[in-house]
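A short write-up of the structure that comes next.
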Amino acid sequence: MKPIRLAAALSLLAIAIPALAEAPRLVKQGTATQLHVQGKPMLLIAGELGNSSASSAAYMAPHWQRLKDMHLNTVLAPVAWELIEPVEGRYDWSSVDALIRDARAHDLKLVILWFGAWKNSMSTYIPAWVKRDTARFPRAQQPNGQGVEILSAMAPETLKADAKAYAALMAHIKATDDKQNTVLMMQVENEIGMLPVARDYGPLAEAAYRGPVAPELMAYLSTRRDTLVPKMKQLWEENGAKTTGTWAEVFGGGDAAEEIFTAWYYARFANGLTEAGKVAYPMPMYVNVALNRPGRRPGEYPSGGPLPHLIDVWKAGAPAIDFLAPDIYFPNFVDIIAGYKRPDNPLFIPEANNADHPQVPANALYAIGKHDAIGFGPFSIESIDEKPGALGEAYDVLRQLSPHILAAQGQGRMSAFRPKALYDETIVYAPVTERIGDYRFTVAFADIQRPVPAPDIASYGGIIIQTGPEEYLIAGQGITVTMEPVGPGAPIAGIDSAWEGRFDAKGAWVPGRLLNGDQTHQGRHIRLAPGAFQIQKVRLYRYR
């Protein structure tokens with residue numbers, strides 16, 4: 001008998017042994033972080049369901065195909081503790097299995113939102129056996145001793161019970177979905193924060209607040225002093241940059257110290273939950289945040305969540321969490337996301353206004369193109385799936401561009417543009433200039449030369465991706481783009497060609513019109529008119 005060659009033997013072995021399943025994971029590419037699913041990068045073109053929608057398979061039945069048709073590839077869906085563990089220690093997976101089954105049937109992925117101990121600060125999705133046992137699962141208290149509808153983060157039994165349920169959920173997802181990877185990531189709790197005061201005043205919290213600041217937090221602040229968030233650095237240094245002491249001694253007392261205390265214990269709770277979940281099934285896990293309004297005191301907004309000024313506390317207290325994600329309902333989107341894109345914090349936007357908000361499409365392009373976001377998802381996505389309008393168009397463009405976006409992330413070959421809005425809704429609509437490759441692009445927001453800006457100018461925006469030395473994809477709506485060369489060579493940029501078109505399902509470019517003359521202002525600029533998202537494939541050249 002002839003000996004079996006090594007290559008043939010390995011081939012037979014590969015057939016005999018199934019491929020090892022791999023959970024989704026985060027992978028660095030240049031300066032960006034990407035989500036890899038079964039070994040390939042994926043951009044999450046997403047939307048978040050309303051809070052109660054996912055609890056009913058019948059309610060969701062007509063929505064799945066419509067969400068697919070509006071070019072989503074991922075749905076963010078809540079799973080409630082009260083549904084999966086109605087009796088302590090007895091699990092009902094029917095709601096989870098229905099979500100996975102129906103998403104899979106429509107070739108959609110899921111990000112699961114764990115509504116455990118807290119949802120929007122409150123503890124309303126917990127099982128009845130937790131709600132009713134206030135001795136074992138105590139509520140947070142106000143200064144007068146009055147309890148609130150919020151479980152105390154200080155109670156060991158609460159963490160133990162929540163972590164047990166969360167780990168059981170992760171084990172079930174692994175058992176039913178490890179090979180298919182329908183579930184891509186997990187959100188740990190939802191918009192954690194203390195109301196209506198800055199901290200819990202229950203007995204456990206009172207004792208801890210009078211005790212020393214956690215040494216882990218002190219070590220973090222000391223070793224990262226030069227890179228701390230400015231507000232945290234200023235507060236700590238104004239109080240003497242102490243390395244030991246009570247919370248009031250180190251952080252000056254009052255609302256500021258109490259909110260940092262609250263943030264630390266919420267972070268430790270979320271970290272314990274995350275560690276338990278990852279033991280069962282390690283996949284990316286994040287915590288989202290309800291942002292604070294300027295001028296409000298902690299407790300008037302949800303105190304202690306992973307807010308911009310508290311990111312360092314959360315990074316110190318919850319190292320198991322992969323990233324912190326802002327839920328953005330304020331106009332100053334551009335400024336907010338800049339604070340969450342950090343070397344230690346890849347950007348993901350799980351909620352960004354309601355899905356019908358006119359600025360959502362431009363925000364999606366901006367987050368992904370400017371800040372290499374893993375993905376983007378407006379809230380209540382199913383509320384518009386019959387009439388997706390501009391968001392459906394923008395998501396179609398993102399779907400077509402996904403391979404090019406993923407290839408460009410972290411490489412300095414891509415950026416995005418939109419008018420900047422301030423918190424008071426003032427629009428800064430001046431042109432924006434940025435270098436991409438060997439050309440400097442100036443993006444104006446269409447027709448701003450008119451004395452009165454268009455009323456919908458805040459919805460304008462676009463993305464530019466370099467695909468070759470002088471080749472670019474320019475997509476969006478409501479932008480006018482001019483170019484100039486950078487570096488040695490001829491000083492004037494010309495348009496060699498500009499084709500409108502689209503990428504087919506296999507990623508091949510299907511050209512439409514070759515644009516020239518009036519469409520490019522006789523070779524002076526690229527213009528994507530307001531009112532319809534489009535893609536243009538542009539080749540530049542230089543001349544004197």
Which heavy atom in P361 sits nearest to a heavy atom in A394, and how many Å separate them?
CB-CB, 3.7 Å
Does any part of the side chain of L72, heavy atoms only, come nearer than 4.5 Å to the side chain of M70, both counted from C-beta?
yes
With a 4.0 Å cut-off on N to O distance, would you call E434 and K370 a salt bridge?
yes
Is there a donor-acceptor pair closer than 3.5 Å between any side-chain N or O of D385 and the backbone N or O of L67?
no
Quick check: does any side chain N or O of E382 sit under 3.5 Å from a backbone N or O of G50, one acting as donor and the other as acceptor?
yes
Evaluate the side chain to side chain contact (heavy atoms under 4.5 Å, CB included) criterion for residues Y166 and V188: first the C-alpha distance (whole Å), next the side-chain angles of each, then the deciding distance (0.1 Å), finally the verdict.
CA-CA 9 Å; Y166 183 66; V188 180; 3.7 Å; yes
CG of L49 to CG of L113, rounded to nearest 0.5 Å, is 8.0 Å
What verdict does the side chain to side chain donor-acceptor pair (under 3.5 Å) test give for E191 and N120, after you've listed the backbone C-alpha separation in whole Å, the side-chain angles of each residue and the deciding distance to 0.1 Å?
CA-CA 5 Å; E191 295 187 350; N120 290 60; 3.0 Å; yes
For the side chain of Q359 and the backbone of S459, is there at least one donor-acceptor N/O pair under 3.5 Å apart?
no
Just by distance, no angles: are the side chains of T433 and T442 close enough, under 3.5 Å, to form a donor-acceptor pair?
yes
For Y301 and E259, test the side chains for any donor-to-acceptor distance below 3.5 angstrom and give the result as yes or no.
yes
To the closest 0.5 Å, what do you measure between OG1 (T74) and CD1 (I381)?
11.5 Å
Minimum side-chain heavy-atom gap M483-L540 below 4.5 Å
yes
Which heavy atom of Y395 sits nearest a heavy atom of A46, and at what distance?
OH-O, 2.5 Å
Would you kindly say whether Q536 and Q534 are connected by a side-chain donor-acceptor distance under 3.5 Å?
yes
Heavy-atom count around R539 CZ within 6.0 Å, excluding the residue itself: above 12?
no
Which value, rounded to the nearest 0.5 Å, describes the distance between N181 atom CG and M42 atom CE?
10.0 Å
Looking at A325, is its backbone amide N or carbonyl O close enough to the side chain of N288 to form a donor-acceptor pair, meaning the two atoms are under 3.5 Å apart?
no
Under the side chain to side chain contact (heavy atoms under 4.5 Å, CB included) rule, what do Q29 and T33 come out as? Steps first, then yes or no, please.
CA-CA 6 Å; Q29 172 172 286; T33 299; over 6 Å; no
Distance from F379 atom CZ to Y329 atom OH, nearest 0.5 Å?
5.0 Å
Nearest-0.5 Å distance, NZ of residue K231 to CD1 of residue I311
12.0 Å
Does the side chain of L44 reach to within under 4.5 Å of the side chain of M185, using non-hydrogen atoms?
yes
Going by an N to O cut-off under 4.0 Å, is there a salt bridge joining D396 and R399?
yes
Positive for ring pair (Phe, Tyr, Trp, His ring centres under 6.0 Å) with Y286, one of W314, W114, F348
F348
Any salt bridge between D107 and R104, counting N to O under 4.0 Å?
no
With no hydrogens and no angle check, is any side-chain donor or acceptor of R224 less than 3.5 Å from a backbone partner on L221?
no
I'd like to know if D504 and K506 make a salt bridge, using a cut-off of under 4.0 Å between side-chain N and carboxylate O.
no
Is there a side chain to side chain contact (heavy atoms under 4.5 Å, CB included) between I328 and N353? Walk through the geometry before answering.
CA-CA 6 Å; I328 305 175; N353 285 309; 5.8 Å; no
Using modelled atom types and a 3.5 Å cut-off, is there a donor and acceptor pairing between side-chain atoms of S303 and backbone atoms of M194?
no
Side-chain donor/acceptor of N345 to backbone N/O of F323, under 3.5 Å:
no
Distance flag, aromatic centroids of F269 and W118, threshold under 6.0 Å
yes
Any chance the side chains of Y541 and E470 put a donor and an acceptor closer than 3.5 Å?
no
Do N190 and E351 come close enough that some side-chain heavy atom pair is under 4.5 Å?
yes
I'd like to know if the side chain of E500 reaches the main chain of L514, judged simply by a donor and an acceptor atom lying under 3.5 Å from each other, with no hydrogens or angles considered.
no
If you apply the rule side chain to side chain contact (heavy atoms under 4.5 Å, CB included), what do you find for Q409 with L43, and how did you get there?
CA-CA 10 Å; Q409 283 186 331; L43 180 68; 4.3 Å; yes
Smallest separation among heavy atoms of M186 and I173, with atom names
SD-CD1, 4.0 Å
If you draw a 6.0 Å radius around NZ in K420, do more than 12 non-hydrogen atoms from other residues or ligands fall strictly inside?
no
Can you tell me if K278 uses its side chain to pair, donor with acceptor, with the backbone of P284 under 3.5 Å?
no
Do T480 and I526 come close enough that some side-chain heavy atom pair is under 4.5 Å?
no
Would you say the side chain of E189 lies within less than 4.5 Å of the side chain of L273, judging by non-hydrogen atoms?
yes
Under the criterion ring pair (Phe, Tyr, Trp, His ring centres under 6.0 Å), I'd like the reasoning laid out for Y366 against H371: C-alpha separation, chi angles, the key distance, then a yes or no.
CA-CA 7 Å; Y366 186 83; H371 290 289; 5.8 Å; yes
W236 ring centre to R225 NZ or CZ under 6.0 Å, with the angle to the axis within 45°?
yes
Between F417 and I464, is any pair of side-chain heavy atoms under 4.5 Å apart?
yes
Donor on one side chain, acceptor on other, N354 and S380, under 3.5 Å
no
Has Y472 got a side-chain atom pairing as donor or acceptor with I436's backbone, closer than 3.5 angstrom?
yes
For F376 and A367, which heavy atoms make the closest approach, and how far apart are they?
CD1-CB, 4.3 Å
Do you know the tightest heavy-atom contact between P24 and Y281?
CD-OH, 4.3 Å
Taken to the nearest 0.5 Å, the spacing of L406 CG from H404 NE2 works out to 10.5 Å
Quick one: closest heavy-atom pair of D327 and P350, and the distance?
OD1-CG, 3.1 Å
Do Y340 and P308 have side chains that approach each other closer than 4.5 Å (heavy atoms only, starting at C-beta)?
yes
